[in-house]
Amino acid sequence: MITVSHILSRLLRSGQRRSAQAEQSIHHLQVQADLSEELHVNVELLRNIYADCSDIIFHEFVIGGRTRAVLIYIDGLINVEEIDRHVLAPLQRDNLDEHSLSNIRRTIPVTSITTVKTPVDAIEAISNGRPVLLVEKEPQGLSFGLSEWEKRAIEEPTSESVLKGPREGFIESIRTNTALLRRKVRSPNLKIRMIRKGNYTRTSIAIAYIDGIASPALVEEVMRRLQPIEIDGILESTYIEELIEDNPFSLFPQMLATERPDVAAAYLLEGCVVLLVDGSPSVRIAPITMYSLLQSPEDYYERYFIGSAIRWLRYLFFAISLLGPSLYVAILTFHQEMIPTPLLLTMARSREQIPFPALIEALLMETMFEALREAGARLPKQIGSAVSIVGALVIGQAAISAGIVSSPMVMVVAITGIASFMSPRFNIGITVRLLRFPMMFLAGFLGFLGVILGIIIILNHLLTLRSFGVPYLSPLAPMRNRDLKDVLIRVPTRMKAEYPHAPADRNHERQSSDLWSDSGNGDDST
Amino acid sequence: MIEKGKISSYQLGKMMYLAIIPTAILTSPGITFQYARQDLWISPLWAFTGVIVVLVILRLHHWFPGQSFTHIWERVAGRTVGRTIGAIYWIFYLYVNGIIVREYGEFIVGAFLLNTPLIVITGSIVLVCAMAVRGGVEIVGRFADLFLPAFIVLFLLILLPIIPDLNIEQMLPVMGQGIMPSITGSFVLQIWFSELMTISYLLPYVHDHDKTGPSIWLTLIAIILTLLISNLFTLLLLGDLTGSYTFPFLILARYINLQDFFTHLESLFMAIWVLCAFVKICVFYYVTVLGAAQSMGLSDYRPIVWPLGFLLTVFSLWVAPNYQELAHAISMSVVFAMLTMFLVLPVLLWFIAWLKTSGSRRSQRSDDARSLRGSSQ
Amino acid sequence: MEFATILGIAVVLVTIAVFEGRQLRAHQRRERYAMITLCILGGILAAMLVYNLEMPGPTQFIETVYRPLSEAFEQWAEERSLQP
Amino acid sequence: MTRKVDAKLVIKRMKLAVRLILPVAMLTLSGCWDSTEVNDLAIITAVGIDRTEDQQLELTVKIYLISPSDIEGSNGMTGSGDTGSGQSVIRSVKGTSIADAASRLQQVLTRKVFWGQAEVFMFGADMARHGLDEVMDFLTRQPTIRERANVFISETSAKEVLALNPPIERSVSDALREMVNLQTCSGTSLMKLSQMMSGKSRAAIVPTVDIIEADYETPFPYISGIAIVKNGAMIDQIREEDTLGIMWLRDIIKPRKTITLEPGKHQYISVQLIRGHTSLIPSIEDDRWKITVRSESLVKIIENTTDRDYSIPDHLDQLEAELADHINRNINQAIDLAQQKWKADIYQFADVFHRAYPKIWARQKDRWEELFPKVEVKLETNVIIRRPGMTGKNIFKPGQR
């Protein structure tokens with residue numbers, strides 16, 4: 001037994017080994033066998049498994065002065081006060097005739113008590129912060145739902161702030177997150193399936209969908225892709241995303257990342273599947289289309305005129321963020337006749353002292369801008385602002401007066417930078433910023449023609465791309481007139497009577513279809 | 001079937017519209033003007049070929065649903081004839097596409113990138129087209145979905161600002177020499193209308209057959225209207241000079257002047273041209289690849305996409321040593337060749353098929369026709 | 001110069017053939033042959049064009065075939081004095 | 001088992017990417033054939049073409065100057081502009097033909113010649129008299145030259161005009177362009193000129209430019225009148241004061257044109273045009289070719305120093321008649337000039353007849369040369385006075401009745 005557990009603990013500690021082997025060892029080496037009736041055997045086994053784990057507490061005590069028992073838990077993952085008050089206190093002053101588990105279970109005033117039958121179960125429970133009670137002469141143990149650890153308070157997600165609308169955001173704890181979802185969608189049709197992945201991290205992954213809206217095939221497909229995952233650890237939902245997305249080589253995100261429960265709930269109501277990963281405040285939504293990445297929740301919280309207008313502004317600046325510098329380079333080096341004479345003369349004057357060709361100048365500035373952005377993002381706030389001030393001086397005034405870059409170029413880079421920050425999702429912004437560079441090369445090589453060819457190549461990729469079976473540019477290409485109304489404009493809520501990309505055999509209507517006429521009459525009468 | 005993708009009828013219509021319009025608005029005003037003079041805007045109305053071709057092809061596909069043009073030949077005239085005609089067709093498509101690629105290249109080099117080698121221009125467009133064609137008919141169809149609105153916007157962006165510079169008197173006298181000049185002028189236009197025959201290769205992949213007819217007729221009408229408008233605008237701006245410019249419609253874009261700021265928008269025209277030429281080359285390229293795969297009996301067309309792309313680039317150089325010869329050929333002998341391939345042969349096929357089916361109808365009702373269809377699958 | 005062009009053409013064709021060949025499965029014999037034949041054809045044609053750009057092409061062929069027709073049309077158009 | 005990423009697939013995709021990117025990268029590195037930096041361009045804003053005494057063409061270009069250091073490098077150039085105040089220099093080269101001169105121009109410039117921004121083309125009077133065809137062919141054939149560029153004929157040599165640096169505008173090209181926009185007569189664009197020169201009448205009008213040499217200021221150009229171009233060459237020119245009839249006939253008269261009558265000695269009545277329109281109506285009766293010139297104009301009174309009070313309707317009618325008379329006189333004079341003196345159909349009667357009588361025209365078009373002087377012209381002029389201005393009677397002339 002000792003050798004067994006020795007091997008086991010070595011296996012568990014050696015991070016170098018294939019985790020699959022570790023998993024196999026657990027299965028093979030009879031740790032899965034039932035717990036022994038001898039308390040000391042069980043404790044010895046667990047002590048070996050948890051060798052060198054200083055945070056594992058083996059609290060030995062005696063129940064009712066007769067029966068020896070051990071409470072095993074991880075320090076910091078449990079609520080010590082509750083353990084003292086609700087487990088240890090009743091047991092120690094106990095007056096039971098027989099110390100069987102069922103009796104003990106009845107004695108302890110805790111809602112969630114489960115039976116632990118094998119060492120594996122015990123380890124699982126302990127790792128999850130559920131204290132395990134092992135009792136003399138019992139081949140089973142009990143685990144209590146008294147886990148509690150430090151977690152962040154629910155606050156507004158900084159990466160997706162809105163002016164209007166709910167300010168709560170997901171946090172690192174998956175239970176809190178599912179609760180947040182459940183608070184938005186109170187129907188029992190909101191299903192949340194749970195699986196665990198990660199051989200070492202044993203991370204919980206929740207798959208949330210609304211039964212009756214989401215297509216069963218979609219849910220099946222998500223489960224089918226999740227099942228075979230074998231990985232040592234999952235620290236963020238991106239790990240999962242990369243393992244299950246359709247095209248792992250695409251620059252474009254095929255799942256939407258959000259930290260906002262309202263966004264997740266909105267997509268649930270459109271028939272999407274939401275993946276929550278324990279330890280990550282950002283959940284993943286699938287399937288999505290390109291346009292989902294360019295929509296902000298605020299579009300729906302503002303009046304629809306404003307929502308539509310802002311959406312168009314965002315589309316425009318999305319195009320600018322992709323094409324800004326390349327169009328500038330193309331016009332400046334290929335199509336000078338397009339520039340009105342006075343403007344051309346001004347530009348020519350500003351470029352007179354610049355030693356670089358326009359293409360190099362643009363590349364230089366864009367790279368500089370990206371570096372500044374990255375430096376600013378990684379630094380503490382106090383230093384970050386210093387970086388941005390220095391950066392602004394470096395790539396702005398000083399570079400111009402030193403004659404290294406021209407001022408129109410600085411303007412173009414600045415506008416492009418702002419444009420790329422306008423996309424409501426960070427990941428599409430960074431994709432576009434990356435694509436900007438090959439586009440600049442194409443523009444410097446063939447002018448407008450190069451830009452157009454570049455656009456065609458990007459579109460070609462986007463048109464072949466799918467997110468869980470949904471074409472990425474879907475309502476536009478292939479054209480689906482019915483769904484266009486939420487892409488080109490943000491239609492009034494009362495007109496959104498149908499689900500987008502819903503399967504044909506499901507119920508399409510999301511609100512009473514005669515709402516429009518009804519409320520119209522109502523308006524008249526008042 | 002080689003192709004697993006499906007397109008909708010409207011995608012087919014959009015594809016054909018975009019595949020016919022670009023070269024037509026670019027070169028047709030100049031050539032038509034030679035015969036029709038100030039009546040050149042009437043010429044697009046004489047779209048006889050378009051009507052005949054669409055009628056014949058739709059009829060054929062009604063009789064043989066789900067069959068491509070080559071397959072119908074095989075059904076009707078026997079395997080050897082069908083295979084031969086299939087081979088001739090894809091080689092002809094390769095040749096026509098070579099002309100298109102060449103025209104595209106000549107236009108870009110002649111008007112925009114004066115010093116860039118032609119091969120770079122043609123090679124790059126064939127490269128991106130090959131990428132799209134490998135994606136199959138679905139991808140090409142979606143490109144058409146995306147580019148049609150872009151085309152319309154850009155087209156209007158050229159037409160609307162030029163309106164103040166138009167001189168309505170340039171179009172007078174209407175039919176001063178009678179109706180004949182405009183009909184003669186429409187002679188060259190027939191090659192563009194006859195290109196509608198290409199739908200015959202794409203119809204098997206359309207999933208909503210009930211809308212095919214309306215969609216194709218709508219496409220034909222849209223083509224006629226677009227040509228009419230572009231020819232009319234060109235005439236109203238350039239008058240007698242229409243025939244003198246190589247690319248008259250380009251002058252329209254160059255002549256735009258809005259508030260002295262938006263001037264010389266020919267690059268806008270280049271954008272239109274490249275987008276549509278891309279769709280056009282893709283459609284013809286796809287048909288070439290598909291036809292070649294079918295006539296060689298391959299199980300997949302993708303392996304031959306790149307080799308045929310290379311061949312296409314070579315053909316674009318081979319079709320003519322210089323642009324003048326090409327332009328002359330386009331306005332004369334190539335018209336006859338295209339009419340033979342895109343009009344005469346389909347009509348012939350229709351005629352043979354009609355004889356066969358009507359003969360069989362008398363004896364066996366539609367059983368024979370059904371067996372004709374059934375045995376091919 | 002011509003040699004360099006030929007070399008370039010060869011590089012392009014070999015790249016196409018190798019990469020397409022890899023994506024084919026073993027039983028797709030026909031496809032492989034078709035692909036390689038087309039590559040070789042393209043190579044030969046390209047090489048011939050490199051040395052003689054004025055080589056008669058399909059356009060000349062079509063012009064020869066349709067000469068009677070196009071001449072007739074031109075004459076007809078002229079008779080109607082439609083030509084400028 | 002594992003939905004692990006197929007290693008082969010990775011390699012395949014990578015190779016595909018390399019295969020796509022590599023040619024592009026190679027091509028990019030090998031050169032961008034058409035890219036030119038703005039600061040490597042010699043931006044031509046105006047072009048002048050003269051004929052020298054030794055029967056050569058002299059091409060003068062006005063180049064926007066960016067760097068002051070460039071002024072020094074005059075390597076064998078024949079001309080150099082007044083570089084003190086302006087930001088432009090001029091260069092001129094001689095050649096046997098315009099294409100020849102244009103290619104020589106590149107030899108004497110350190111930067112790439114860029115025609116795309118040339119807004120003014122100025123032909124010297126000598127050259128214009130000799131013939132514009134050859135130059136126009138060159139100009140219309142170039143892909144970079146703007147069809148909308150303005151064309152002028154200078155009374156002195158074109159070079160002299162280009163050498164000017166008008167004090168208000170940035171360059172002489174801007175000055176002339178603005179003048180055309182504001183002046184009462186329309187300018188002629190390159191495309192319009194080629195239309196007129198190649199059209200049925202083969203006659204064209206081009207504004208002429210002259211220099212005002214005021215002693216108190218630097219000399220500046222102004223639009224002095226109209227040149228008549230027939231069969232590709234200038235045959236005559238007339239002063240600005242006499243162009244009224246031509247403008248009526250060509251229907252290019254612009255608002256703000258002022259007509260002044262002198263009913264009595266030192267008594268003037270001036271009206272300004274609000275809107276004017278002329279239409280030419282052709283008719284052919286038994287080989288008598290007739291044109292009816294129907295012109296309508298709305299005017300307002302801007303000055304009245306006569307004895308008459310034009311707030312009285314009867315007087316207005318009379319004034320309208322007088323104005324119509326005046327316009328008729330101008331038109332008649334213009335027609336006489338065109339039919340008798342120049343024998344040039346600058347009013348494009350040919351097109352008018354062609355549009356109305358295509359069949360007759362097709363038969364008679366070769367006789368147009370002899371027909372044109374015989375075309376009868378009938379005038380139907382109608383003037384309507386819309387407003388008397390802010391005042392009715394002249395406040396300072398109580399005697400008006």
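Chain identifiers are assigned alphabetically (A, B, ...) following the order of the sequence lines, protein sequences preceding nucleic acid strands; residue numbering begins at 1 within each chain.
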C:Gly42 to B:Leu311 - nearest heavy-atom pair and separation
CA-CD1, 3.1 Å
Minimum heavy-atom distance between B:Phe310 and C:Gly43, given as atom pair plus value:
CE2-N, 4.0 Å
Pairs of heavy atoms under 4.5 Å with chain B: top-ranked of [options]:
options	answer
C:Arg67, C:Met48, C:Glu31	C:Glu31
C:Val12, C:Leu13, C:Leu41, C:Ile40	C:Leu13
C:Leu38, C:Val65, C:Thr59	C:Thr59

Partner chain C: residue of B:Val305, B:Leu312, B:Ile304 with the largest heavy-atom pair count (under 4.5 Å):
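The residue among B:Val305, B:Leu312, B:Ile304 with the greatest pair count is B:Ile304.
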Check whether the ring centres of B:Phe342 and B:Phe92 lie less than 6.0 Å apart, and answer yes or no.
yes
So, for B:Tyr93 and B:Trp90, is the gap between ring centers shorter than 6.0 Å?
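No, they do not, as the ring centres are separated by 6.0 Å or more.
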Atom group of B:Phe187 that falls short of 4.5 Å from chain C, counting heavy atoms:
side chain
If you measure from OG1 on B:Thr70 to CD on B:Gln294, what distance do you get to the nearest 0.5 Å?
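One finds 4.5 Å between OG1 of B:Thr70 and CD of B:Gln294.
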Does any heavy atom of chain B fall under 4.5 Å from the side chain of C:Leu69, the backbone, both, or neither of them?
both
